Peer 1: 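Can you read through this structure? Questions will come right after.
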There are 2 protein chains.
Amino acid sequence: MSFIEKARRAQIVECAIETIAEVGYTQASLGEIAKRAKISKGVISYHFANKEELLEQITIEYYIAWQSYIAPRIEAQKSPKEMLRVYIESNLAFVAENRQHVFAVIELVSKNITADGKLQFSADHDEAVLVPIENILALGVQEGLFRKFTKSSARVMALTIRNAIDGFTMELMRKPHLDVQEYTRELVTIFDISTKK
Amino acid sequence: MSFIEKARRAQIVECAIETIAEVGYTQASLGEIAKRAKISKGVISYHFANKEELLEQITIEYYIAWQSYIAPRIEAQKSPKEMLRVYIESNLAFVAENRQHVFAVIELVSKNITADGKLQFSADHDEAVLVPIENILALGVQEGLFRKFTKSSARVMALTIRNAIDGFTMELMRKPHLDVQEYTRELVTIFDISTKK
DNA sequence: TTTATTTTAGTACAATCGTACAAAAAAATC
DNA sequence: GATTTTTTTGTACGATTGTACTAAAATAAA
């Protein structure tokens, strides 16, 4: 991949993120993205096989950024209790610090790209996201620090924590001036209490 | 409104719900809905001012059905603790019993109809949905049965409960054979513990 | 400098969709 | 039964979108 190729792809992806975050997925046509990037529509088609590839790139880069942010912070913790706290804290911090990218991905996921339009709420992806939480919970049970969780009750707990985080993201979209710190403290409290022995 | 008018509107709304729930919002064109209802596209235009009015009708009917299901069940409870339990239980039961309608509304809300395509996550609507939960929490604090909640920490708790319910709905979409009873029990447990004094 | 390759611009095309509309059919009214 | 109103059908139109394509421009190679 040439220098220009890489630079253009990066520029286009960046511009697509901004466009989707600002005007929403529906209005984010290739023409609109090109207009904002001040390039011709044909340039996008030249550097990306199709629109789907461009949008997928947004999601891919997002998950890489997310994982590089979250993983090391959790691994730095010793007790499951601290790991759960840091998981919540770092997720909310990541969202608050990368609003445009997060909002764009939410648009893409909720509007179900890659799919043929059918209902398909990215079943497999969600599993991968749940695993780290389930691991923390299992560890906490194993060490006798959390209350008893069966495999399936741990799954419900993991889903609930994930939903709380994703729900915070939505709330932040609605209320950009939200007090992130306070929201974080409350969520940590809620799930600290509800996992306690 | 004539008899035919009412019947046709009901039929079209019903068919639109089925279509959206089955093939997703993107594929649910007026042509597709008409085809499934075995009527001409023009009939829909005749009975509804535009597509937006048809889709709004789906949401309106949904909230009426939801409210008539939930409200009396909560009012039948005496203690805030029981009210919270019943709120969660009846919400999950309602979702499980009205999957198609719920899925259709989720499609509409997540794809943001009525809006001009811009990001606008129905801010006002969510407020109304949160109020009953916040009331239950306030009552529980007042009666000394729940732990201390400030106005804003009660709001976070209410949001978290709502997100848990909405997240359950998404999970049910992904996994139709989900054990609803068990999921319900777990959620009740989680929020019983985390509101306890 | 000349030639070859990559990159860009701009246009054209096919497909899709919501809506408008005219004529036919059905139902209601007298 | 005739007439008026309501309802339905089917088609056409304008707008939008992603993609294909051609020619021009820019860059790299010779």
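Proteins come first, then strands; the chains are lettered A, B, ... in the order of their sequence lines, and each starts at number 1. Everything numeric here is computed off the predicted structure, so don't read it as measured data.
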Peer 1: Here's a test of your reading of the structure: between A/Tyr46 and A/Gly42, which maps to the more 5' nucleotide of DNA chain C?
Peer 2: A/Tyr46
Peer 1: If you only use heavy atoms from C-beta on, which nucleotide in D/dT19, C/dT7, C/dG18 is closest to the side chain of A/Glu5?
Peer 2: C/dT7
Peer 1: If you check the A/Ile39 side chain, which of C/dA9, D/dG10, D/dT8 turns out closest?
Peer 2: C/dA9
Peer 1: With no hydrogens and no angle check, just 3.5 Å: does a side-chain donor-acceptor pair link A/Arg162 and A/Tyr87?
Peer 2: yes
Peer 1: In whole angstrom, give the distance that lies between atom NZ of A/Lys6 and atom P of C/dT6.
Peer 2: 17 Å
Peer 1: Using whole Å, report how far NZ of A/Lys35 lies from C1' of C/dT8.
Peer 2: 19 Å
Peer 1: Select one nucleotide: of C/dT19, D/dT8, D/dT19, the one nearest the side-chain heavy atoms of B/Leu30.
Peer 2: C/dT19
Peer 1: Whole-Å distance between C/dC17 P and B/Gln27 CD?
Peer 2: 7 Å
Peer 1: So, is A/His47 close to the C/dT8 phosphate, meaning a side-chain N or O under 4.0 Å from OP1 or OP2?
Peer 2: yes
Peer 1: Starting at CD1 of A/Ile12 and ending at P of C/dT7, how long is that distance when rounded to a whole Å?
Peer 2: 12 Å
Peer 1: Measure CZ/A/Phe48 against C1'/C/dT8 and give the value in whole Å, please.
Peer 2: 15 Å
Peer 1: Please answer: with hydrophobic residues joined when any side-chain heavy atoms are less than 4.5 Å apart, are A/Ile70 and A/Val129 in the same cluster?
Peer 2: yes
Peer 1: Could a donor-acceptor pair under 3.5 angstrom be found where the side chain of B/Lys41 meets the base of D/dT9?
Peer 2: no
Peer 1: For B/Arg9 and D/dT7, give me the distance from atom CZ to atom P, rounded to whole Å.
Peer 2: 12 Å
Peer 1: Do A/Tyr63 and A/Ile133 land in one hydrophobic cluster if side-chain heavy atoms of ILVMFWY residues count as linked below 4.5 Å?
Peer 2: yes
Peer 1: To the nearest angstrom, how far is A/Glu32 atom CD from D/dG18 atom P?
Peer 2: 11 Å
Peer 1: Check the distance between D/dG18's C1' and A/Tyr25's OH and give it to me in whole angstrom.
Peer 2: 11 Å
Peer 1: Are any of the side-chain heavy atoms of B/Asp166 and B/Met170 separated by less than 4.5 Å?
Peer 2: no
Peer 1: May I ask you to say what A/Val43 touches in the nucleic acid, namely base, sugar-phosphate or nothing, with a heavy-atom cut-off under 4.0 Å?
Peer 2: sugar-phosphate
Peer 1: Between B/Ile136 and B/Phe146, which heavy-atom pair has the shortest distance, and what is it?
Peer 2: O-CE1, 3.8 Å
Peer 1: Does D/dT8 have OP1 or OP2 sitting under 4.0 Å from an N or O in the side chain of B/Arg8?
Peer 2: yes
